[in-house]
Amino acid sequence: MSQIRTINHSASGASFQFHEFGATVISFKTSSNRECLFLSRDAKLDGSKAVRGGIPLVFPQFGQPDKSMPQHGFLRNNIWKIDESSAYDNESGAGISLTLNLKDVKNSRGGKWDENTKYDLVATFSINVEAAKMSTELSITNTGTAGEKFDFQTLQHTYFRVDDRAAYDLKQCYVKGLEGYAVFDQITNETSTVGADPIVLEGNVDRIYTPPSGKEVVSVNIGVGGGKVMKLTASGICDDSAIPVSCVVWNPYKEKAAAMSDFGNDQYEEMICVEPGLLGTTSLESGKSAKLTQVIELC
Ligand SMILES: O=P(O)(O)OC[C@H]1O[C@H](O)[C@H](O)[C@@H](O)[C@@H]1O
């Protein structure tokens, strides 16, 4: 049975909680005690399903472009090992790391990552809090000895909590900072470019935002209700080279929320997913590492 752990930052009073299943962060409370992450009241926390809320990790594919592998991959569906020696709590922050070796991946494999795969990897997830800020870094190292490289996509599927049930109040809940990004609407298959107006939720929203050339780091302000704003910054590196970070914005709205067994019917009003990730096809050579780092901060 996997467990939930809380890490407190003594100096500031900030804290976070994570589940060993998926190394899923399920709570981040700032020193002012504001919960910044949404966790569905119907989320399964018994390891029977990926956690609905917090920060599930997506790898090696986003969605299900390869039908022989599960949607969003296997990181979110397996028990990670806590590296107890990595835990710290000092003046500048508190944190911990977890690791997952491919040999310990029991669930949600498939396709080129199935049992007899020629690939190997180790994933590390490091979490840090300090006052109003949480940093999360996913690192994937290709540990295959046969010299095989592999392609992947990865995301931190961050569910932001929206106060006052204001997710569909366009003055209170929005994403600003993606001007000039190319938009792919996963519901209508339409493409467009982000203009000057903030991105707001209208109905069922499921869109991929791809940066214009030369833009590597994503930096957005997210209205989260009650006049509050979270700043999200994310960067990606593969074998020491910067990789442009895309962003997904998602809210299931009424019908899809009702159709999900682990999502409260009315809770679409309490969340917005803003998910930074490496969504192009990135190739990782044997012996090399890729990193996706997200920093979220209550302004
Ligand atoms: O239900 P899940 O597998 O957790 O996926 C939840 C959502 O993840 C992303 O935001 C995708 O863009 C959506 O298409 C998907 O519905």
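Read the numbers this way: they start at 1 and go in the same order the structure lists the ligands and their atoms.
Using a 4.0 Å cutoff on heavy atoms, Arg52 counts as a contact of ligand 1. Ligand 1 lies within reach of His157, whose nearest heavy atom is under 4.0 Å from it.
Between Asp262 and Lys49, at least one side-chain N (NZ, or NE/NH1/NH2) sits under 4.0 Å from a carboxylate O, which counts as a salt bridge.
Against a heavy-atom cut-off of under 4.0 Å, Asp206 is close to the following atoms of ligand 1: 11 (C), 12 (O), 13 (C), 14 (O).
Ring orientation note: the planes of Tyr168 and Tyr268 are nearly perpendicular, at an angle over 60° on the 30°/60° scale.
Between the side chains of Ser32 and Thr30, at least one donor N or O sits under 3.5 Å from an acceptor N or O.
Atom 3 (O) of ligand 1 has its nearest heavy-atom neighbour, among Lys256, Gln71, Gln186, in Gln71.
The residue from Leu100, Leu75, Leu278 that alone fulfils the side chain to side chain contact (heavy atoms under 4.5 Å, CB included) condition with Phe59 is Leu75.
With a 4.0 Å heavy-atom cut-off, ligand 1 is reached by the side chain of Arg76 but not by its N, CA, C or O. Counting heavy atoms under 4.0 Å from ligand 1, residue Glu275 touches it through the side chain alone. Contact annotation: for Met260 versus ligand 1, there are no heavy atoms closer than 4.0 Å.
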Before you tell me yes or no, could you show the steps for Phe263 and Tyr159 under ring pair (Phe, Tyr, Trp, His ring centres under 6.0 Å), namely the whole-Å CA-CA distance, both residues' side-chain angles and the distance that decides it to 0.1 Å?
CA-CA 12 Å; Phe263 198 107; Tyr159 287 76; 7.4 Å; no

